[in-house]
**Student:** 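Have a look at this one.
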Amino acid sequence: MSALLTVEDLRVCFPTRTGMVEAVRGVSFALGRERLGIVGESGSGKSQTGRAIMGLTPPQAQVTARTLSFDGIELLSAPPKLRRSLRGKRIAMILQDPKYSLNPVMSIGRQIVETLREHEDVSGAEARERALEMLAAVQIRDPKRVFGLYPHEVSGGMGQRAMIAMMLVAGPELLIADEPTSALDVTVQLEVLSILDKLVAERGMGLIFVSHDLRLVSSFCDRVLVMYAGRIVEELAASDLANAKHPYTQGLFNCMPVIGADRHPLPVLERKPEWAL
Amino acid sequence: MSAIVSVENLSVVFDDFTALDNVSIDVFAGESFGLVGESGSGKSTLLRSIAGLAPPAGGTMRITGRELRGRDRDKAFYRAVQMVFQDPYGSLHPRQTIDRQLMEPLAIHGARDGERRILKALDEVGLGSGFRFRYPHQLSGGQRQRVAIARALILEPSILLLDEPTSALDASVQAEVLNLLEQVRHDRKLTFVMVSHDLGVVTHMCDRLAVMQGGRVVERLTSDDLAGGRIDEDYTRNLMVASKGFRRHAEPITQGAASPSRP
Ligand SMILES: Nc1ncnc2c1ncn2[C@@H]1O[C@H](COP(=O)(O)OP(=O)(O)OP(=O)(O)O)[C@@H](O)[C@H]1O
Ligand SMILES: Nc1ncnc2c1ncn2[C@@H]1O[C@H](COP(=O)(O)OP(=O)(O)OP(=O)(O)O)[C@@H](O)[C@H]1O
Ligand SMILES: [Mg+2]
Ligand SMILES: [Mg+2]
């Protein structure tokens, strides 16, 4: 399998007033045309890993890697112009805080239309048509109404789906989806996943799926990376997630509230300092 | 027993769009009440309306028997009622440190031991003092959510409106935050109204819940009924099926809208 994305020894550091924060500490993995899940503790570096691949790391941070290559292009040494042209077109990222990431003073529909027209030479009418189709595809009930709404006028889950529509409309080859369905009710969640599933199966898109939802990750992804304190501590076939070896991963399943189980308080993880070494 | 939060026939309209259509809920003191349902069905609007952030077009709302009028909420209201918003980025001030945002409600209400309470609040949500002087953009999604929870708890309110409080957290931190919420509810006799799309979380936290769809409450049931499959509405049943995870090549559960992703 030739890799679409190769990441070797990726590191992201932030200088702060209380010292250096090492958000990502030597992450390595390769991605083919598959569904790769990333799970991990809050603050373990999942979003910063995705942002580094996208080239969206804040300017004060330092990003280094032995290799960070997409389809043969070394991203860290690529000219800024090339990098910009990849972003949104060939590599797209659904950000974790969709409502915050959308432009607050532009309607949802116009944002999708502009993204499409940046990357494809289509007429205004066609772009509008495709944007409406995309909104319908992500299960927006009334695409015409939502097209004209501003980000503060849509619900949490609608903002998330608007972001997904915007990222999919240009047909990326690599999609980094950071908690893309965390605000969706479970029925809509499955609909959105089946869209992503189809893009991987039929168009050969590579998908990095960051999620806290173990049930979704284990049923949807092919492979899973588990992150803890800036590193990958375990890699598993998604179907094996319940048989994880690392105590963090094992503990996760046990902490989840389950319908019909009556466990008060919920078991919590006893974090060991050596996990973060 | 009379309800501590009582909403009767509440309607909320934005331009021509009816976001809430005659919604009624009663929540009793010390109870934890759940709201689940379709994305866009009006769950956040209901909480926001109680908090005075979405103007009602009709109906009445009462907190501890006192009627809430329009959007005006006084200082006593915010002391008693706090809200954790669905979108923590939007509810935190981007250019203020975490310290300052936790200090502000304390200062408004004239609390004296601010320093100690801030450290305690951060500790309770599992954030060390190293986060105290950071700005929201210097935190991960889940860390921001925990700051929002700390800020809501710091004034020791008696009613908490929680909009997806743990959807940005991994299972381990979620368990800690849910345990904390249950603990403070028990210790301080708090009342919760809680929105979550995770049926495991809602049934764990709440005894009773309302299922919403298209601006209406379509079903009311207890968590035991939900767990035991004693369900009246198809929509609620679909939610239960979908909560079991993704099934490849199975026909997805559609809910009216066409699904162009399928042949
Ligand atoms: N600008 C910044 N300055 C300092 N530290 C930062 C900055 N941005 C992120 N961090 C830190 O980097 C670490 C990794 O953050 P990241 O957003 O990647 O976590 P995450 O795994 O996505 O967590 P979550 O599941 O909560 O979203 C966190 O501990 C965070 O506090
Ligand atoms: N300021 C506004 N202007 C116009 N429409 C609005 C406004 N605020 C909310 N709405 C609409 O009201 C409806 C209900 O939104 P709400 O945020 O309450 O949904 P929700 O049930 O919380 O959904 P989610 O689970 O996705 O967060 C949506 O269709 C939304 O577009
Ligand atoms: Mg994140
Ligand atoms: Mg909402």
Side-chain angles (χ1 to χ4, degrees), chain A residues 14 16-18 39-43 47 58 96-97 99-100 133 136-137 139-141 145 153-159 161 179 182-191 193-195 197-198 212 214-216 218-220 248 251-253 255-260 263-269, chain B residues 14 17 36-40 44 86-87 89-90 130 133-134 137-143 146 163-164 167-176 178-179 182-183 197-201 203-205 226-228 238-239 242-248 252-262:
Chain A
F14 293 92
T16 69
R17 137 175 186 186
T18 45
V39 302
E41 167 154 276
S42 169
S47 299
Q96 187 172 7
D97 290 283
K99 276 175 85 173
Y100 182 81
E133 271 169 29
Q139 305 296 307
I140 293 281
R141 266 179 172 238
R145 178 178 80 94
E153 298 175 326
V154 299
S155 79
M158 287 156 70
R161 285 176 283 162
E179 302 280 1
S182 65
L184 300 180
D185 65 88
V186 280
T187 58
V188 172
Q189 210 169 51
L190 296 191
E191 297 281 355
L193 288 188
S194 68
I195 298 173
D197 198 48
K198 196 169 177 235
H212 288 310
L214 299 176
R215 193 179 31 82
L216 269 194
S218 62
S219 57
F220 176 69
Y248 169 73
L252 279 185
F253 275 93
C255 306
M256 285 198 302
V258 182
I259 304 173
R263 300 186 300 165
H264 300 268
L266 290 165
V268 293
L269 277 184
Chain B
F14 298 105
F17 179 77
V36 301
E38 196 178 18
S39 170
S44 300
Q86 181 169 14
D87 167 23
Y89 223 141
F133 296 103
R134 290 213 201 160
H137 73 268
Q138 297 177 312
L139 303 178
S140 77
Q143 291 162 347
R146 285 181 271 167
D163 198 351
E164 302 275 6
S167 66
L169 306 176
D170 76 287
S172 69
V173 178
Q174 167 171 279
E176 286 157 15
L178 293 180
N179 287 345
E182 284 210 299
Q183 180 79 46
H197 66 266
D198 185 327
L199 298 183
V201 170
T203 53
H204 176 79
M205 295 294 288
L226 190 71
N238 285 350
L239 283 180
S243 73
K244 303 223 155 44
F246 184 75
R247 284 204 326 240
R248 188 149 288 124
I253 307 127
T254 49
Q255 31 182 2
S259 172
S261 67
R262 291 275 150 181

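Here is how names work: the chains are called A, B, and so on, in the same order as the sequence lines, proteins then strands, and each is numbered from 1. These values consider heavy atoms only, across backbone and side chains, with no hydrogens, waters or symmetry-generated copies.
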**Student:** Looking at every heavy atom in both A/D185 and B/G37, which two are closest together, and how far apart are they?
**Tutor:**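 Smallest interatomic distance, heavy atoms only, reads CB-O, 3.4 Å.
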**Student:** Looking at CG of B/D87 and OG of A/S155, how far apart are the two atoms once the value is rounded to the nearest 0.5 Å?
**Tutor:**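 Result: 11.0 Å between the selected atoms.
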**Student:** For B/S39 and A/G157, which heavy atoms make the closest approach, and how far apart are they?
**Tutor:**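 Nearest pair, atom of B/S39 first, then A/G157: OG-CA, 3.4 Å.
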**Student:** Between B/Q183, B/E164, B/K244, which shows the greatest number of heavy-atom pairs under 4.5 Å with chain A?
**Tutor:**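 Top option by heavy-atom pairs under 4.5 Å: B/K244.
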**Student:** At a heavy-atom separation under 4.5 Å, does A/R145 approach chain B through its side chain, its backbone, both, or neither?
**Tutor:**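 Answer is side chain: those atoms of A/R145 sit under 4.5 Å from chain B.
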**Student:** Chain A: which of B/S140, B/G245, B/A227 shares the most heavy-atom pairs with it under 4.5 Å?
**Tutor:** B/G245
**Student:** Let me confirm one number: the NE2-CG distance from B/H204 to A/L266, rounded to the nearest 0.5 Å.
**Tutor:**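 It comes to 3.5 Å.
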**Student:** Are side-chain heavy atoms of B/T203 and A/P257 found at a separation under 4.5 Å?
**Tutor:** no
**Student:** Output the option from B/E176, B/Q174, B/H197 having the highest count of non-hydrogen pairs under 4.5 Å with chain A.
**Tutor:** B/H197
**Student:** Between B/V173, B/V36, B/L169, which shows the greatest number of heavy-atom pairs under 4.5 Å with chain A?
**Tutor:**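 Top option by heavy-atom pairs under 4.5 Å: B/L169.
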**Student:** Looking only at heavy atoms and a cut-off of under 4.5 Å, which of A/G260, A/A183, A/G251 has the most pairs with chain B?
**Tutor:**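 Answer, by heavy-atom pair count under 4.5 Å with chain B: A/A183.
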**Student:** For A/E41, is it the side chain, the backbone, both or neither that has a heavy atom under 4.5 Å from a heavy atom of chain B?
**Tutor:** both
**Student:** Considering non-hydrogen atoms only, spot the tightest contact between B/F246 and A/S219 and give its length.
**Tutor:**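 Taking every non-hydrogen atom into account, N-OG, 2.8 Å.
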**Student:** Counting only heavy atoms closer than 4.5 Å, note whether B/L178 contacts chain A via side chain, backbone, both or neither.
**Tutor:**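 B/L178 touches chain A through side-chain heavy atoms alone.
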**Student:** Considering all heavy atoms of both residues, which atom of A/G43 and which atom of B/Q143 are nearest to each other, and what is their separation?
**Tutor:**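 Shortest heavy-atom separation between A/G43 and B/Q143 comes out as CA-NE2, 3.7 Å.
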**Student:** Of all of A/S218, A/P58, A/P265, which one pairs up most often with chain B through heavy atoms under 4.5 Å apart?
**Tutor:** A/P265
**Student:** With chain A, which of B/F17, B/F133, B/F14 has the greatest number of heavy-atom pairs at distances under 4.5 Å?
**Tutor:**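 Among B/F17, B/F133, B/F14, the one with the most close pairs to chain A is B/F17.
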**Student:** How far apart are the closest heavy atoms of A/C255 and B/S172, and which atoms are they?
**Tutor:**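 Nearest heavy atoms, A/C255 then B/S172: SG-CA, 3.9 Å.
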**Student:** Is it the backbone or the side chain of A/Q189 that comes under 4.5 Å from a heavy atom of chain B, or both, or neither?
**Tutor:** side chain
**Student:** Name the option with the most non-hydrogen atom pairs under 4.5 Å to chain B; the candidates are A/D97, A/V268, A/L252, A/L214.
**Tutor:** A/D97
**Student:** For A/S182, is it the side chain, the backbone, both, or neither that has a heavy atom closer than 4.5 Å to a heavy atom of chain B?
**Tutor:**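 For A/S182, the contact with chain B is made by backbone and side chain together.
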**Student:** Report the option among B/V201, B/L239, B/L139, B/L199 that has the most heavy-atom pairs separated by less than 4.5 Å from atoms of chain A.
**Tutor:**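 Among the listed options, the one with the most contacts to chain A is B/L239.
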**Student:** Hey, does the side chain of A/H212 reach the backbone of B/A168 with a donor-acceptor pair shorter than 3.5 angstrom?
**Tutor:**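 Yes, because the side chain of A/H212 sits within donor-acceptor range (under 3.5 Å) of the backbone of B/A168.
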**Student:** Using 0.5 Å steps for rounding, measure from the CZ atom of B/R134 to the CZ atom of A/F14.
**Tutor:** 9.0 Å
**Student:** Less than 4.5 Å to any heavy atom of chain B: does that hold for the side chain of A/Y248, its backbone, both, or neither?
**Tutor:** side chain
